[in-house]
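Convention: sequence-line order gives letters A, B, ...; per-chain numbering from 1. Nothing here was measured: the structure is a model prediction, and the numbers come from that model. Side chains included, hydrogens not; waters and symmetry mates left out as well; all remaining heavy atoms used.
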Amino acid sequence: MTAAEQLRERYAAELRGFGSSLPEDFGAAAAELAPRFSAQQLELWAQAGVALANYSLRSWEASAEYFRASPQVASAMRFEQLMAWARIATELAERSSVVSAAFLKATPEVLEHLPPWQLEPWARQGERLCRGNWKSIALCALYFSSSPRLLAAMSLQRLGELVAVVDALTERSYELATTCVEHAPQIFGALAPRDHEPFLRFAQAVTRVSWADTRLYLERGPALLERVEPEMRSRFLELAARVTADVGRQGFPLFAGAAAALGEIELSQHDAMLAFAGRLAIASPIAAMEYLKSAPFVRTRLTAEQMQQWAESGASVLLEDGNAEGAEAFFRLESTRAEQLMTALTARVELAHVGSTLRLYAKALTGEQVSVRSTEELVERGIGWVTESSATTEGTAIYLPPFISTFEHQDANFQAYKVFATHQAGRMEFGSFRYRFGDDGTQTPSTVHERERRVRGDAPTRATTAMERYFDLFPDRALIAALFTVIEDTRVDAYVGREYGGIRSVLRRLQAHEAQHRPALQGMALRAAFVENLLRASLQAADTMQWPHALEPVLRDGLSALRMVELAEATVQDSAEVAAALYDIAQRIPNVELEPDEQWETPDGDLLEVAASMPGGGAGDVPMPQGEEAEFETPPQPEFRGDFKPELVQLLMQLRQQREGDGEGEGAGSPITQQQLQELLEKSVELSLSGMEEGDIASSLAMFLSGLEKEGGTPQGEPRPEHGQQQGSGEEPVQQDLPVAIEWFHYDEWDFRAADYRPRWCRVGERVAPEGSLDFYQETLQRHHGLVAETRRQFELLRPETFRKIKRLEDGEDLDLDHAIEFLVDKRAGVGPQARIYWRRNKIERDVAVAFLLDMSASTDEEIEKQRPRRNEREDGFDDDPRKYFQWLAQRRAKQAQEPPKRIIDLEKESAVLIVEALEAIGDAYGIYGFSGYGRENVEFYTIKNLDEHFSDRVRKRIAKIDPVRSTRMGPAIRHTVHKLEGFEAKVKILILVSDGRPQDHGYGRDRTEKEYAVHDTKQALLEAKRAGITPFLITVDKEGHDYLGEMCDDIGYEVVADIESLPRRLPSLYRTLATQ
Amino acid sequence: MASTTRRTTASEQAPGKGAGFRSLQVEEFRIKSEPYYLPIADEVELFQTAYAQHMPVLLKGPTGCGKTRFLEYMSWRLHQHVPTRAEEGVPLITVACHEDLTASDLVGRYLLEREETRWIDGPLTRAVKVGAICYLDEIVEARKDTTVLIHPLTDYRRLLPVEKRGELLEAADGFLLVVSYNPGYQSALKDLKHSTRQRFVAIEFDYPPRELEAEIVQREADCSAEVARQLAKLGEKVRNLKEHGLAEGVSTRLLIYAGKLIANGIQSRRACQTAVVWALTDDAEVQRSIEEVVTSIFED
């Protein structure tokens, strides 16, 4: 019997009663171990296993794992180590047999990654996770079972750090902790080993402040990091950890944003950027991350060096001025300074910035009502233009690309814009769209009628526009369109060059730029090459032409014809003629690709200076090469010339004329039918439908058709009945039918921490206030008739006398006899009198405009009764008689039921009524506005009465409808009112803000409780008003108003109306003082 | 005091006349040499006929389009209508109207002199007496009660009541009342009363077409034909902006100023900036746009 068998015999009894497989596992292991260990050792080994099995009810499972793993484990270590291992297992079993089993089972594989002496630390790390409850046991077991894979991906030390993270997570969610462990092998497998440590350190930081983000981080982190320069990842993670330690739960979102942003930046920049961010992080970690986040956007505007310059300026806000909030706003691009600097640095010119300049410019040039818009809009209109990139015009507007960044300098890019605009304006100014069929040009007689006879015989034309009729003459519409475009553009360029000497040089520069970016000529099909050569010649780059030597006479004919339209008086009629002549030439050129060895030459000087003349047909006998015809492809348009669609423009012009009922002009009188439209669109090559599927073409056509009809104005259906007239009942017009027209305005907001404006931060939506019933106004008048009469009288006293006699003047309307005599007497007496003896009537005009801005925030809904201290009931003489008291109470309740308790808003409304009455008496211009809203994007601004609006029943009704709405974002409301006052002409301008409390709104400050931000912004807005020559005045009914108003108003007038009910009385007298200052 | 203005023309200021000034009565002032005026349409003929028929004339048109120059030219040209006078031309008395212009400013007033008062005729009275053309420039600026004063002078009566003296003056044969009026300017606030307005025949002026304006600019500014042509082009383009940011188009006068600056060595873009762009508007946006037009037209 072997030692193993003996052993098995011996323990068979002890092992019975556990799992059925246990004795077998024991036997198998003993058999393998026997040759290696002494009998004594074997004994110890077996005892350890048996002890484990006996340890607890289910510990036999661990024991089984022990026996199963033993042979492999033993082969990797000395016996003492094996026993140590067994001891660890036993200790683990004390906590949980499951954990112990997992430990034992994983050991053989773990040993592939760890030396035997590290088994203990490995086990201890895991043990930390085990807290006795079943969730922790499962997690701990997972740790051991995942260990082989984990250790394949990371070192033991890192694993320990991971455990720390996981351990921290367990305090929140075991589920989350479990997921972390499950995913960890994958995550760390994907990361470079040197990044493990920073990755984990950041994980710890995230877990500490925002445990829920840990999962996100573990899930997304590796992918996010992947796009960061590998060398820089650890640095970035360290930065992120530092930031998180500082900012708490914002840490991960900032990291994610910054990482995504870095991913969009070329890798070579990462080093410098992270170094810079590191510098910022010392003073403001947030600024550092915001810097990274903004980088991709900034990089679209600035070069790397410019961005460096821009960022340095932000850094100086932080490091020199010590203004962290300012720097954060700067890098978040929420500061005017940041934007202005970027605009100043960038070479890129945005249409949004120069659009209005260009609009006036184009208006000046064309003398027409042109607008300048972005090409993006044109595509949306769906009238036949599909490319967003190139400039164009459709006859009433000039469309320009949203930005130009072709050149290195801002000025050059702006000049390019100007050339774009000039060319499009030139098409209008020099009549590109005024082609008339059959008119002679100044250089060429018309041949189109002849051509038409040849093509159509006597059949009448079905064409809608002159341009369409012209294009109908040519079977290859793509070719004639390409030729006509080149020719007409050449003519317009020539005109621009002659008429606008100032931009000639810029035009030449752009032409040269375009000439350098033309497609290669060699290899082009011959006819296309012919057109391309003409185009190059028209770009004044004839020296870049290339053409087969043998066919030179053909090109010569083409060039001399092209030169015709460069003559001073050439018109669009000439362009059409020249294009027709060139069409004849081009038609003879086969569109074949020549053999590569064919001789293409750059024409010599003689050809470059060819004189303008119409082709005489001399080149007709040049032998043409033979070959397979390729389809004609129009050469790409130079950028500054953009799309040219004369056919569509003429159509649009005609549609518009038709809509306006303009009976003049050709083709009028016969309205364009839908069929005609469809035909035109189908024929036209201007729709660039090539490459579309059949179905797409049909749907695009349909879209364009409806777009065009919209442009032309479809016959309007029944005019909608006027609101309010529709029903006989009349009393209750259907309110919801009226769409509320909201006009949006953007205003900056003052960030006092950053000491800078946040550009276009608030969006104010101005709308006309809804109307209520007339009753309120009348009732108020009746209720306060005494007060009304009194204020009216007071205001009437203010009314200026139209003329006042001014006396004692040196010169005037007439002599003032009294003074004249006095003067004579004085003179005789020799007392040196002054000859001020005339009088004159002087007009004194009262010229006051006042805007009332009413707070319509929800808090104005409060009842006034509550605010008022309880009445001195004792003194009311109840004499401790409960009956009297109840009597009083009942009376009061009855009264309340009759008229509901007054709210602050009611008082505001009543005041409005009074002031309106008074101001109507005095004749000052006044406006009444209300404001409320929620959040910066939605500041609601209600027009109850505009400054220039006449007082009417509608205004009365609107006053009735003033209702509490939402928050109080005062700043933008004040700014908008200032904007309104600025647009109004008056010598004295006053803004009176009536509010119930301090400014407050969502996001109007760092958090809900912060009030400083709002107060500062409001103050800034009031100062802006002052700067604009407006006298602002604040009236509040908030008793605590003095606290913040003092700060908010500085030297701006304000008043806290102590007794709220005196507001209606107080307003008029306040107004008097203000307006007569 | 009466706001009488003595208008001089470029042609009158002959060089070498010395720095001394001359003082003369308004009615004695004559335009000695032919002022430069380029007729655009039939305005000369119209005016001549109106003058012969004693019909008061209203000159309508934007500022700086040549209304005053036209009148100077006509005053010079109309000499044959006053056969009794030895001097050439009809005297031209110009009154620039303003808000405080009173009736006495036009008719006359008493002044104290030593122990007594002395009557002094106002410019209108003088014109009525000597048979001059009385030109009330920018009539809308004057107060409405002042403008009523001229009513009896403008119809068949041709009378000027001088209330303070209890006199009634019958206008001399050569007398003609001419007023000017710029309809675009502040039209909403100030408009001519219909009762006033319908007493005049109106001759409408506008800026000359490009070619003629180029001729005028060249002649007046003494600049090259090319510069004049460019300036006229600029004028046309800028006038396209009227009502779109500009209250008034650029006047021929301003174009001439620009031309003079250029002719005297100022860079053309700079000259246009000072004489046209900045003179026209304070709106930075519009300024920028006009400057872009300038830089498109002028090379340096």
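- Taking CD of B/Q287 as the start and CG of A/L360 as the end, the distance is 12.0 Å to the nearest 0.5 Å.
- The shortest side-chain heavy-atom distance between A/R359 and B/E285 does not fall under the 4.5 Å cut-off.
- Using a 4.5 Å cut-off between heavy atoms, B/R239 makes no contact with chain A at all.
- At a 4.5 Å heavy-atom cutoff, the contact between A/T366 and chain B is made by backbone atoms alone.
- Heavy-atom contacts from other residues, nucleotides or ligands closer than 6.0 Å to CG of A/D948 number more than 12.
- Judged purely by distance below 3.5 Å, without hydrogens or angles, the side chains of A/K363 and B/S289 never pair a donor atom with an acceptor atom.
- Considering every non-hydrogen atom in both B/R269 and A/G502, the closest pair reads NH2-O, 3.4 Å.
- You'll find the side chain of B/E299 stays beyond 4.5 Å of the side chain of A/S505, heavy atoms only.
- Expressed to the nearest 0.5 Å, how far CZ of B/R288 lies from OH of A/Y361 amounts to 12.0 Å.
- Salt-bridge formation is not detected for the pair B/K233/A/E429: no Lys NZ or Arg NE/NH1/NH2 atom is positioned less than 4.0 Å from an Asp or Glu carboxylate oxygen.
- Comparing A/S356, A/G501, A/G367 by how many heavy-atom pairs each has under 4.5 Å with chain B, the most go to A/G501.
- Of the residues considered (A/L507, A/V496, A/D814, A/V354), A/D814 shows the highest number of contacts with chain B, using heavy-atom pairs under 4.5 Å.
- Looking at A/L365 and B/V293, their side chains come closer than 4.5 Å, going by heavy atoms from C-beta outward.
- In this structure, OH on A/Y500 lies 3.5 Å from NZ on B/K237, to the nearest 0.5 angstrom.
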